[in-house]
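Input: a single structure, listed below in structure tokens.
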Amino acid sequence: AQTVTQSQPEMSVQEAETVTLSCTYDTSENNYYLFWYKQPPSRQMILVIRQEAYKQQNATENRFSVNFQKAAKSFSLKISDSQLGDTAMYFCAFMKHQGSGNTPLVFGKGTRLSVIA
Amino acid sequence: AAGVIQSPRHLIKEKRETATLKCYPIPRHDTVYWYQQGPGQDPQFLISFYEKMQSDKGSIPDRFSAQQFSDYHSELNMSSLELGDSALYFCASSLIDWGVSSYNEQFFGPGTRLTVL
């Protein structure tokens, strides 16, 4: 079974600064995907960024980037130029690729990020 | 673009009552996933369906059942409700691509907030 660990229950950052959220995972799979989801107070689940395990290049989406270390099973999220709208719960998630393409997400416990003006 | 629709958005029930949650996937999507997110918790996978057949099962209580209908919408039936069933229930849908290197993104609905009194 896969497990996802987020060791930082809460973090805060000043507006315009950079913050890094940590995530580690455990799996015996070789082919899988990793995600960061954002859940604002509205509780909607919003996909922030994804990383394919077979890709060595770290994914980036505007102000969001990841540091994917496959051997260390680490997948951190860096938010640059933090904005007040980034305040939310952030979940790291794992999905294995079975070839059937039909696998559920396994989530970490989440990190609550507060951006301070 | 059309999104995943869940109804109702809010539901209040008494202990021992039954509840039915509905999920309408994005048009042409063939797979539905159900997740349960308790207060302050991460989403937990309950069950999934592909082409109207159950495809995976997670931590779904025996009191719960679900199915996917011919029009691909899905219903989660919950009986003998307990206080601990109070949670946000997400439905997500995806379109399965059987390609080896494909990625089948799960699109989340807004959730149904169930409160059991």
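These numbers come from a predicted model, not from an experiment.
- For chain B, the nearby part of A/F91 is the side chain; its heavy atoms alone come within less than 4.5 Å.
- Interface summary for chain A: among B/G111, B/P43, B/G58, the most heavy-atom pairs under 4.5 angstrom belong to B/P43.
- Using modelled atom types, one side-chain atom of B/Q106 and one backbone atom of A/T103 make a donor-acceptor pair closer than 3.5 Å.
- Residue contact with chain A, scored on non-hydrogen atoms closer than 4.5 Å, is absent for B/F107.
- Of the atoms belonging to A/R50, it is side-chain heavy atoms, and not backbone ones, that fall under 4.5 Å from chain B.
- Aromatic ring centres of A/F75 and A/F94: separated by at least 6.0 Å.
- Residue pairs that meet the salt bridge (charged side-chain N to carboxylate O under 4.0 Å, His left out) test with at least one member in residues 56-69 of chain A, sequence neighbours left out, are A/R63-A/D86.
- In this structure, chain B has a heavy atom under 4.5 Å from the side chain of A/L47, while its backbone stays farther away.
- Note on B/G109, B/A92, B/G40: by heavy-atom pairs under 4.5 Å with chain A, the leading option is B/G109.
- Remark: the B/E51 side chain and the B/Y72 side chain contain an N/O donor-acceptor pair separated by less than 3.5 Å.
- For the side chain to side chain donor-acceptor pair (under 3.5 Å) test, residues two or more places apart in sequence or in another chain that qualify with B/N77 are B/T20.
- Hydrophobic clustering (ILVMFWY, side-chain heavy atoms < 4.5 Å, transitive): A/V4 and B/Y35 are in distinct clusters.
- With a 4.5 Å cut-off on non-hydrogen atoms, A/Q6 does not touch chain B at all.
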